[in-house]
Amino acid sequence: MKIKRLTIYGFGKFHDVSLDLDQHFQLIYGPNEAGKSTLVEFITSLLFGFFNGQTSLPDV
């Protein structure tokens with residue numbers, strides 16, 4: 001599976017954001033509190049389901 005684009009309407013600090021990921025290698029970097037972990041959590045939630053507080057997320 002290849003993710004080519006992420007469109008986030010509201011997740012954490014991301015609101016109405018669209019990211020194109022059409023390169024062979026995508027590097028995500030930034031300072032603390034920039035949203036790197038939030039972006040990983042968003043992708044994990046899309047693939048494995050959104051956390052509802054009653055079940056635990058899989059280890060990635």
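This one's a predicted model, so the numbers in the text were calculated from it and none came from an experiment. Side-chain atoms are counted along with the backbone in the values below, which use heavy atoms only and exclude waters and symmetry mates.
Taking CD of Q26 as the reference point, atom NZ of K4 lies at 14.0 Å (rounded to 0.5 Å). The CZ atom of F42 sits 4.5 Å away from the CD1 atom of I8 when rounded to the nearest 0.5 Å. Atoms CG and CE, from L47 and M1 in turn, are 5.5 Å apart once rounded to the nearest 0.5 Å.
For D20 and R5, the salt-bridge test passes: some basic side-chain N is under 4.0 Å from an acidic carboxylate O.
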Donor-acceptor list for residues 33-40 side chains, cut-off 3.5 Å, not counting sequence neighbours:
| from | atom 1 | to | atom 2 | distance (Å) |
| --- | --- | --- | --- | --- |
| K36 | NZ | G30 | O | 3.0 |
| K36 | NZ | P31 | O | 2.9 |

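Sorted by first and then second residue, the side-chain hydrogen bond (donor to acceptor under 3.5 Å, both in side chains) pairs with a member in residues 8-19 form an empty list; sequence neighbours excluded.
L19 and F25 fall into different hydrophobic clusters, where Ile, Leu, Val, Met, Phe, Trp and Tyr side chains are chained together by heavy-atom contacts under 4.5 Å.
Counting heavy atoms from C-beta outward, V17 and T7 have side chains that stay 4.5 Å or more apart.
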